[in-house]
Amino acid sequence: MEFSFTDEQTMIFDTAEAFLGEVAEVASIRKSMETNTGYDPSAWDRLCQEMYWQAILIPEDNDGLGLGAVELVGILERMGKKLYNGPFASSAAVTLALAKWGSGDQKSTYFARLMAGESATIAVIDQARAWSAEGVSAQAVQTDEGLRISGKYRFVQHGHTANLILVAARAPGSSGQDGVGLFLIDADAEGVIRKRVPTMDQTRPLAEVQLESVLVQPEQCLGCVGNSAPALAQLLDIQAILVTAEQLGGAQASLDMTVDYLQERVQFGRTIASFQAVKHKCADMMLKVEASRSIVYYAACVIDEWLSDRYDANQLAEAASMAKAYSSDAFFFVAGCGIQLFGGVGITEEYDIQLYFKRAKATETFLGGGAAHRERVAQMLLAGEC
Amino acid sequence: MEFSFTDEQTMIFDTAEAFLGEVAEVASIRKSMETNTGYDPSAWDRLCQEMYWQAILIPEDNDGLGLGAVELVGILERMGKKLYNGPFASSAAVTLALAKWGSGDQKSTYFARLMAGESATIAVIDQARAWSAEGVSAQAVQTDEGLRISGKYRFVQHGHTANLILVAARAPGSSGQDGVGLFLIDADAEGVIRKRVPTMDQTRPLAEVQLESVLVQPEQCLGCVGNSAPALAQLLDIQAILVTAEQLGGAQASLDMTVDYLQERVQFGRTIASFQAVKHKCADMMLKVEASRSIVYYAACVIDEWLSDRYDANQLAEAASMAKAYSSDAFFFVAGCGIQLFGGVGITEEYDIQLYFKRAKATETFLGGGAAHRERVAQMLLAGEC
Amino acid sequence: MKLSFSAEDEQFRNEVAEWMANNLCGEFEPIRFRGGPGDEHSFVEERKAWEQKLAEGGWTAIGWPKEFGGRGASIEQQVIFNEEYARAGGPGRVGHIGETLTGPTLIAFGSEAQKAKYLPGIRAGKELWCQGYSEPSAGSDLANVKTKAHFDDAQGKWVLNGQKVWTSLAHESEFCFVIARTDPASKGQKGLGFFLVKMDQPGVTIRPIPQLTGTSEFNEVFFDDAVCDADDIVGEPGDGWKVAMGLLGFERGVSTLGQQMLFQSELDEVVRIAKRNGAADDPAIRQRLADAHIGLRIMRYNSMRMMSGGEDGSLQKEAMIYKLYWSSWHRNLGKLAMDVLGPEAELLEGEPYELNRLQSLFLFTRADTIYGGTNQIQRNLIAERALGMPREPRGAN
Amino acid sequence: MKLSFSAEDEQFRNEVAEWMANNLCGEFEPIRFRGGPGDEHSFVEERKAWEQKLAEGGWTAIGWPKEFGGRGASIEQQVIFNEEYARAGGPGRVGHIGETLTGPTLIAFGSEAQKAKYLPGIRAGKELWCQGYSEPSAGSDLANVKTKAHFDDAQGKWVLNGQKVWTSLAHESEFCFVIARTDPASKGQKGLGFFLVKMDQPGVTIRPIPQLTGTSEFNEVFFDDAVCDADDIVGEPGDGWKVAMGLLGFERGVSTLGQQMLFQSELDEVVRIAKRNGAADDPAIRQRLADAHIGLRIMRYNSMRMMSGGEDGSLQKEAMIYKLYWSSWHRNLGKLAMDVLGPEAELLEGEPYELNRLQSLFLFTRADTIYGGTNQIQRNLIAERALGMPREPRGAN
């Protein structure tokens with residue numbers, strides 16, 4: 001047991017901070033969020049070519065970097081700080097899914113594509129309020145040529161630009177935990193229609209993805225078709241933990257920029273930072289940021305344990321729900337306080353704190369908010385599962 | 001529509017403040033709470049003889065004062081300020097029940113006894129978590145001599161000293177809303193066994209009351225035997241509103257004594273009151289006290305409207321649940337903040353703020369806490385009933 | 001203290017309801033329920049026309065004394081008017097600043113000439129007003145006014161220079177009341193004047209402030225040698241702070257009821273959606289819906305107490321909590337609306353940044369706890385004025 | 001950063017578990033799970049005996065260097081020890097002040113003679129310590145020390161006069177460390193000394209403070225010409241603040257884990273009762289149970305970060321939030337416990353004021369956010385030291 005970073009990790013994070021400072025300054029984020037892609041493809045290319053971050057979780061055997069979830073989460077935290085808007089988190093989630101459940105062939109095929117700079121994402125639900133197997137409505141119908149998937153997916157991160165989409169679909173007539181499969185779809189396959197949808201948080205592009213009888217071959221099935229509800233739950237948990245890392249970074253940045261502003265801004269002949277009520281609010285913000293940090297890095301460690309089969313799905317679920325519940329609320333609280341402490345300028349388009357606030361709102365709802373995840377923890381707690 | 005006090009009301013409240021200042025100073029409350037009765041009977045006698053407050057709600061036709069619920073609530077607020085521990089609120093609730101549902105004979109009989117200084121209380125539940133018709137477990141069995149009531153009641157305010165106990169009991173085999181009756185029992189009737197139980201809040205004596213085949217005659221039945229579940233609900237709502245008046249007073253007193261202490265106590269060379277974070281906490285406390293005042297006096301007005309049949313049970317229920325939910329939480333918040341701002345001495349037995357804190361806790365749970373009453377409001381809201 | 005209305009008042013209620021039913025229809029149908037906070041930029045022209053329609057019916061400024069064109073309506077009648085106006089879906093009033101702020105201020109502090117010059121236009125719903133209080137370097141420190149006014153003998157006019165900020169409806173308004181420093185050597189609350197300034201003149205420039213909502217309810221207003229007549233100062237030079245504070249007192253009056261009616265319609269919409277999309281089955285959401293309902297009812301009785309209280313305009317305790325209370329309540333409603341919508345809350349109505357009503361509510365309510373005195377300033381005021389705690393010291397600056 | 005333990009550490013875990021199983025039984029059976037916060041007055045004699053039993057097994061002061069009788073246990077091993085101690089139901093430690101505060105302080109700042117004189121008694125579980133920090137007129141203003149110490153040449157001893165307050169376990173302790181003013185002309189953090197004072201002497205009077213719980217965990221301690229030897233001052237006269245602050249740093253170390261284990265057992269009880277009495281069916285209670293669980297897990301990882309961090313004793317961010325975090329969490333647990341009990345929470349175990357464990361938790365946790373630096377002081381410290389915001393000015397006094 002060890003709860004501090006290795007020197008290597010610290011070095012990776014310093015590098016990340018420097019690189020993101022170059023390619024993801026707020027001005028360029030603001031510019032790219034108004035483009036069709038919703039992010040800057042050239043920054044993404046540099047990320048893949050110069051940093052090779054897309055290979056962090058890919059084993060060395062597959063020519064990846066063979067690093068772990070702690071490194072991944074540390075980088076995501078720094079992306080969150082910058083509101084980085086490229087398809088990194090969603091690609092990483094797909095990478096983790098492949099690492100856990102991919103066949104040898106799938107790993108070599110898809111890892112190669114990802115390492116070459118292709119991006120990936122996950123598409124699960126259309127109408128449901130909750131992200132879960134129950135919410136899967138797309139259907140995978142067996143035909144002579146193979147399975148054909150039809151259905152609509154919403155809330156798909158970077159779904160309009162991703163090269164690879166990991167989708168959930170169910171056997172006709174099935175419901176609940178039954179009949180669910182996970183499939184790796186090429187975005188340019190026939191029958192894939194997707195469009196970006198306008199979102200309140202402009203830094204987090206979402207898309208609608210429509211599959212119209214898209215053909216999939218057996219080698220595109222991840223794990224066992226029809227039996228993948230547990231895997232889907234774990235996949236969503238993984239994805240949630242990655243979101244919490246970005247939330248942590250966003251919360252930290254919100255706190256930092258707020259304190260900086262308060263130290264400068266003078267009212268009543270004093271810096272605002274000198275008002276005790278303001279100081280105490282900032283102390284509460286910091287408490288939440290640090291507590292969020294503790295649970296997010298714990299969850300990162302759990303991913304590592306889970307990847308090597310030392311922790312089970314329950315432990316992953318508990319970690320994910322704890323981290324998502326706490327970090328969602330913490331980020332929203334911190335960014336909300338940030339706007340308040342900025343005062344009038346906080347609600348102007350010109351200042352950045354409102355972008356963090358919207359990010360907090362968007363990531364809170366995505367994959368379930370605090371109340372939903374606390375209820376899930378309560379169920380485990382009362383069942384003696386945690 | 002009018003939302004300020006009349007000159008007469010203001011005069012009554014000033015008199016109340018003065019009288020309670022005489023008979024209910026904290027030292028005498030502390031002394032009486034350690035006696036067997038849990039309150040000072042001589043103060044109660046003076047209250048009945050000099051103030052005649054027990055007659056506030058008794059119509060002038062019955063030789064009462066013929067005043068309304070606003071006067072009652074104003075006095076209860078001031079009692080709450082002093083943590084007054086006599087059987088006033090419970091007696092007033094029984095008085096209201098008689099005024100609403102009592103027959104002419106019942107009114108003349110029982111009003112006369114109450115005006116003579118007898119005290120009364122209400123006994124409803126034993127084990128249930130919620131105060132409601134569903135929770136009534138005592139049974140009223142028809143025999144040749146009349147109904148005989150058996151059962152145990154807990155959480156009975158002043159049950160060990162009250163002369164008159166208004167009890168709920170149900171027909172054998174009935175459940176839920178069915179079969180419930182309300183009965184006026186003499187405390188010295190055969191088969192009535194009662195004892196005071198030790199409580200966390202020492203200023204609010206509670207008792208267990210055991211009825212062992214207590215005989216009741218038809219003239220002791222309030223309203224329609226077997227059909228009194230709606231009346232019971234209204235009775236509990238009335239009682240709840242009276243509790244909120246005491247909560248309001250307790251919250252106001254907690255705020256006042258806290259601010260006084262903060263203005264005196266010096267730390268770091270400044271009065272604690274000069275620290276902005278402390279000021280802001282006090283501002284939040286005051287906001288809750290004033291908001292509580294608004295809803296409590298609204299609820300008082302609703303009692304008046306209900307008494308004269310202009311408002312129905314739904315409107316009473318909404319008012320009671322709104323007031324109880326808000327005032328319970330407000331008092332607990334204010335008294336809790338009070339302890340915190342007093343600092344170390346706040347948790348000593350010597351200082352009074354802890355007594356208010358315990359009162360807040362006790363009254364919060366009594367007749368249902370904030371969450372339960374909010375759920376009730378939600379049901380009405382979603383059903384379009386409010 | 002009682003809840004029921006007199007028969008006379010109930011008669012008045014019928015009168016209002018009937019007029020609304022007969023007039024808020026036809027060409028005005030589209031503006032029903034529109035133009036509330038965060039929706040202020042909608043249907044401005046139609047709402048201006050509606051303002052005049054109201055005036056024709058005698059329904060503007062009903063609380064003003066009859067001599068100034070009002071009805072001298074009682075508090076009860078004003079409550080009733082607001083209730084019925086809202087019930088009928090009356091749109092957000094574009095004339096509210098003139099009616100509830102400028103008017104009462106002039107009636108209390110203005111000269112006879114000023115009353116004659118400005119009240120009829122307000123009363124007729126033809127002249128809209130905006131307010132020039134906040135300044136960029138002042139923020140919560142309202143008295144830190146840098147805008148200057150000097151009397152130019154040559155022109156015989158006051159000349160104003162400076163900048164105001166957070167001025168809503170600036171581009172729709174005929175006039176602005178401006179607080180400006182008449183004594184250049186003064187500081188803080190001393191040496192200020194309260195001016196009535198025509199917006200349509202070369203010296204006034206309006207720049208909308210793009211907000212997080214993608215809209216621009218607020219503006220910056222620049223005064224570069226803007227002028228007003230010699231007698232367009234309310235009170236004497238140096239009285240500005242007193243007048244301005246009196247005006248803030250009026251802000252907490254009957255006008256709060258109109259606001260609450262809009263809040264009620266927002267809450268109703270949240271409840272409706274919660275019932276439709278299943279959010280109402282979630283016990284945590286139910287708690288918060290109930291909390292919102294209770295909170296709004298309390299706001300109403302806070303207002304009732306405020307209005308029934310002392311007539312000297314002094315701030316009672318219930319008035320001192322009013323801003324902090326409603327802004328916090330409204331902000332919470334915005335968040336609740338989003339949680340009721342769930343993931344859908346993230347999806348906009350359209351490109352490039354078209355918010356639905358609840359999204360707009362959510363984002364815009366973040367301004368509620370800031371403008372008109374931040375929650376922090378409100379808590380200072382409560383602690384210092386209502387609780388008598390020590391004042392926050394000013395810095396050396 | 002990783003969660004799994006090494007094989008060697010797992011071996012150590014077995015060793016602890018086995019020793020506990022073999023020793024926390026028989027005469028010690030009644031004290032299992034007892035003596036936590038709010039229960040500190042229970043079984044004191046038995047817990048003193050247990051302390052010596054622990055010492056015999058080599059399980060006191062395991063984190064101290066071997067040269068002082070410790071095991072020089074690694075952080076991992078200390079974590080494991082605390083986990084297994086709690087799992088086995090190890091009672092609240094009466095020796096914790098000596099072990100976690102006095103010991104590390106003497107090891108860091110004490111003379112060789114002091115180490116030789118005091119460490120063995122602590123290590124052996126035979127000499128208990130209490131702390132003399134707070135004073136009645138100081139409260140949160142820790143440096144406002146009025147207790148005086150002067151060196152009496154005739155006796156060759158330090159002579160102390162003054163009063164301390166909020167001293168727990170004073171009547172059970174052999175020694176007290178006392179911060180007192182050695183330079184009568186000094187103020188604030190300057191001119192203080194850190195003294196090691198024997199409690200059993202004529203100059204020391206202990207007066208228990210009756211609390212809202214009906215018990216008296218805290219005491220007032222009066223020093224009237226109390227004495228200690230010439231070499232019972234840690235560091236030099238004037239070093240007292242530095243030593244005291246160092247000691248407060250040690251407070252945030254491994255000892256936090258033992259505390260968390262007690263918290264876990266309290267939470268377990270709340271969950272158990274909620275399941276039994278149906279409170280767990282209430283969705284609002286479920287939310288709060290989950291919140292408590294998450295909060296406690298976070299506390300654990302906060303501690304892990306704190307312990308894994310810099311070894312220079314400097315306070316990292318996670319250490320600065322620790323007190324505010326745990327005290328708030330614990331206070332919330334107390335309230336949750338009451339809400340889980342429902343109306344039953346009001347009924348005591350017996351006359352005159354016998355609280356059950358959860359009632360005691362509820363009332364006693366109101367002290368948690370006050371002693372050892374109120375939540376307000378903690379927020380000051382966080383804002384000023386961790387966030388670099390301006391310091392709160394002292395008054396003129």
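Model, not experiment: these values are computed from the prediction. Proteins come first, then strands; the chains are lettered A, B, ... in the order of their sequence lines, and each starts at number 1.
- Your options are B:G370, B:A291, B:A325, and the one with the most heavy-atom pairs under 4.5 Å with chain C is B:A291.
- Between C:P390 and B:A273 the shortest heavy-atom distance is CD-O, 3.4 Å.
- Highest contact tally toward chain B, considering only C:I285, C:L324, C:I298, is held by C:I298 [criterion: heavy-atom pairs under 4.5 Å].
- Chosen from B:A378, B:C301, B:S292, B:A300, the residue pairing most often with chain C at heavy-atom distances under 4.5 Å is B:C301.
- For the set B:E318, B:R310, B:Q379, B:M380, the count of heavy-atom pairs under 4.5 angstrom toward chain C peaks at B:E318.
- Contact detail for B:A283 and C:L387: the closest heavy-atom pair is N-CD1, 4.2 Å.
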Before giving the answer on side-chain contact (heavy atoms from CB on, under 4.5 Å), spell out for C:M389 and B:V278 the whole-Å C-alpha distance, their side-chain angles and the decisive distance to 0.1 Å. CA-CA 10 Å; C:M389 299 174 85; B:V278 168; 4.2 Å; yes
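- Taking CZ of C:R305 as the start and OH of B:Y298 as the end, the distance is 15.5 Å to the nearest 0.5 Å.
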Please test B:K281 against C:R379 for side-chain contact (heavy atoms from CB on, under 4.5 Å), starting from the C-alpha separation and ending with a verdict. CA-CA 8 Å; B:K281 180 83 86 176; C:R379 290 192 181 93; over 6 Å; no
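- Annotation: the span from B:S274 atom OG to C:E384 atom CD amounts to 11.0 Å, rounded to 0.5 Å.
- The structure places NZ of C:K2 at 9.5 Å from OG of B:S4, a figure rounded to the nearest 0.5 Å.
- Atom CG of B:L287 sits about 7.5 Å away from atom CG of C:N302, to the nearest 0.5 Å.
- Remark: aromatic rings of C:Y301 and B:F3 are close, center separation under 6.0 Å.
- Between atom CD of residue B:E2 and atom OG of residue C:S6 there is a gap of 11.5 Å, rounded to the nearest 0.5 Å.
- B:E375 pairs by the salt bridge (Lys or Arg N to Asp or Glu O under 4.0 Å) definition with C:R286, not counting sequence neighbours.
- Few gaps surround CD on C:E15; more than 12 heavy atoms of other groups in view lie less than 6.0 Å from it.
- Of residues 262-275 of chain C, those residues lying under 4.5 Å from chain B by any heavy-atom pair are C:V271, C:K275.
- Counting only heavy atoms from C-beta outward, the side chains of C:I382 and B:D284 never approach each other to under 4.5 Å.
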Test side-chain contact (heavy atoms from CB on, under 4.5 Å) applied to B:Y311 and C:L3, step by step: CA-CA 10 Å; B:Y311 274 30; C:L3 295 173; 3.7 Å; yes
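- Neither the backbone nor the side chain of C:N375 comes within contact range of chain B; no heavy atom of the residue lies under 4.5 Å from a heavy atom of that chain.
- Heavy atoms of B:V302 lying under 4.5 Å from chain C belong to its backbone as well as its side chain.
- To the nearest 0.5 Å, atom CD of residue B:E290 and atom OH of residue C:Y322 are 14.5 Å apart.
- The salt bridge (Lys or Arg N to Asp or Glu O under 4.0 Å) test applied to B:E17 returns B:R78, B:K81, not counting sequence neighbours.
- Summarising the local packing, CD of C:E10 is surrounded by more than 12 heavy atoms from other residues, nucleotides or ligands at distances under 6.0 Å.
- Listed by sequence position, C:L289, C:A290, C:D291, C:H293, C:I294 are the residues of residues 288-296 of chain C in contact with chain B, using a 4.5 angstrom heavy-atom cutoff.
- When only modelled atom types and interatomic distance are considered, C:N380 and B:Q276 share a side-chain donor-acceptor pair under 3.5 Å.
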